[in-house]
Amino acid sequence: MATETTVQVPRTILSSNPHADKKVDVAADARRVFDVLVKGGLAIVPADVGYGLVAIDPAALERAFVTKQRQPHKRHAMIGSYALHKELHVLPEREARMVELFTQDLDIPLGVIAPMKADHPIIRKLGTETLARSSVDGTLAMLVNGGAFQDELSRLATEAGLPLMGSSANLSGKGTKSLVEAIEPEILGVADIVIDYGKRKYSYPRPSSTMIDFRTVELMRFGACYDVVQDIMKRFYGIDWPNDPAPKTGVVDQ
């Protein structure tokens, strides 16, 4: 059952839950969210790796940053898709194939850090300040293969030529949330629309995405499906990565 929670804010007036038939309508829900985002709103949305807090408008993204109490060194990530990754990221053939193997062949969600095409129209629309908070040394982090809702929302933003940015829907350092009910009141209160699809697919032993810097093929964060990622790196590429040191905590520093 899909439910929708709305927060009473002056900028957005939303209708009641459209799912009286108890069905999830990803396309309709993504369109509702997109319509809020292009008007400068913030949205809490479902991904397979937990709930995210996303925005298009730079002012809304800054509001999210402040509400989350993020430290200056933390970066926004792009909420993307495999198609958008191929359009915006630049990787050698071997590393590009790694991303394809994980996200397409094996259907694993993945945080991809890679050099970006700085002159791409979507990147240019980030603006100088937002870009500075979203990139390091010419790289951009992007959640790829985050699930059907994320893919559809990313498609809408990409077709409109707009950057869809965000991070997990939680206070910084308090862990990615797999249930809307677990999201802190401060985060819920800043959102203009909340799409609640119940408990997310990857919640144990960790939510959030495993993140890799593909410039150096370096593990940057333990996350969902890490044991599979670890095995494939060893099996296919001869790369040894450590075991997850705290697989039962469910806490990821976001």
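What you see below is based on every heavy atom in this structure, not just the backbone, and it leaves out hydrogens, waters and symmetry mates. Since this is a predicted model, take the numbers as computed values, not measurements. Positions are given from 1, in the same order as the sequence printed here.
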Worked verdict on Ile108 versus Thr103 for side-chain contact (heavy atoms from CB on, under 4.5 Å): CA-CA 5 Å; Ile108 291 172; Thr103 65; over 6 Å; no
[X]-[Y] side chain donor-acceptor pair, cut-off 3.5 Å:
X: Tyr226; Y: Asn243; value: no
X: Tyr82; Y: Asp151; value: no
X: Arg221; Y: Ser208; value: yes

Quick check for you: to the nearest 0.5 Å, what is the distance between [X] atom [atom1] and [Y] atom [atom2]?
X: Leu219; Y: Asp213; atom1: CG; atom2: CG; value: 10.5 Å
X: Met98; Y: Glu93; atom1: CE; atom2: CD; value: 12.0 Å
X: Ile232; Y: Cys225; atom1: CD1; atom2: SG; value: 11.0 Å
X: Phe65; Y: Ser172; atom1: CZ; atom2: OG; value: 8.0 Å
X: Arg133; Y: Met165; atom1: CZ; atom2: CE; value: 12.0 Å
X: Lys174; Y: Lys68; atom1: NZ; atom2: NZ; value: 12.0 Å

Trp241 and Ile212: CA distance, side-chain angles, deciding distance, side-chain contact (heavy atoms from CB on, under 4.5 Å) verdict: CA-CA 11 Å; Trp241 277 349; Ile212 300 171; 3.7 Å; yes
Over 12 non-hydrogen atoms of neighbours within 6.0 angstrom of CD in Glu129: no
Arg235 atom CZ: more than 12 heavy-atom contacts under 6.0 Å: no
Do NZ/NE/NH1/NH2 and the carboxylate oxygens of [X] and [Y] come within less than 4.0 Å?
X: Arg97; Y: Asp105; result: yes
X: Asp119; Y: Arg124; result: no
X: Asp35; Y: Arg31; result: yes

Do [X] and [Y] make a side-chain contact, defined as non-hydrogen atoms from C-beta onward lying under 4.5 Å apart?
X: Tyr202; Y: Pro207; answer: no
X: Phe214; Y: Pro115; answer: no
X: Val144; Y: His89; answer: no
X: Phe102; Y: Met233; answer: yes
X: Ile239; Y: Lys234; answer: no
X: Met116; Y: Leu131; answer: yes
X: Leu110; Y: Asn145; answer: no

If we ignore hydrogens and angles and just use 3.5 Å, is the side chain of [X] paired with the main-chain N or O of [Y] as donor and acceptor?
X: Gln150; Y: Ile79; value: no
X: Lys117; Y: Ile123; value: no
X: Arg200; Y: Ala47; value: yes
X: Glu186; Y: Leu171; value: no
X: Thr67; Y: Ala64; value: no
X: Ser81; Y: Leu84; value: yes
X: Lys125; Y: Gly161; value: yes
X: Thr210; Y: Ala224; value: yes
X: Lys177; Y: Ala169; value: no
X: Asp192; Y: Leu42; value: yes

Verify same cluster id: [X], [Y] (apolar side-chain graph, 4.5 Å):
X: Val99; Y: Leu143; answer: no
X: Leu61; Y: Leu140; answer: yes
X: Val45; Y: Val49; answer: no
X: Val112; Y: Val229; answer: yes
X: Met211; Y: Met142; answer: no

Which heavy atom of [X] sits nearest to which heavy atom of [Y], and what is that distance?
X: Ile193; Y: Val33; value: CD1-CG2, 4.1 Å
X: Asp196; Y: Tyr51; value: OD1-OH, 3.3 Å
X: Phe236; Y: Leu101; value: CD2-CD2, 3.9 Å
X: Asp137; Y: Arg215; value: CB-NH1, 3.7 Å
X: Ala30; Y: Phe149; value: N-CE1, 3.6 Å
X: Pro46; Y: Tyr197; value: CG-CD2, 3.6 Å

Residue from Val38, Leu156, Leu126 passing side chain to side chain contact (heavy atoms under 4.5 Å, CB included) with Leu162: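 Between Leu162 and the candidates, side chain to side chain contact (heavy atoms under 4.5 Å, CB included) is satisfied uniquely by Val38.
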Worked check of side-chain contact (heavy atoms from CB on, under 4.5 Å) between Ile187 and Leu53: CA-CA 8 Å; Ile187 304 301; Leu53 182 64; 4.2 Å; yes
Working for salt bridge (charged side-chain N to carboxylate O under 4.0 Å, His left out), residues Arg63 and Asp57: CA-CA 10 Å; Arg63 194 162 73 250; Asp57 181 73; 5.9 Å; no
Derivation and outcome, side-chain contact (heavy atoms from CB on, under 4.5 Å), residues Asp29 and Glu152: CA-CA 9 Å; Asp29 288 341; Glu152 178 63 13; over 6 Å; no
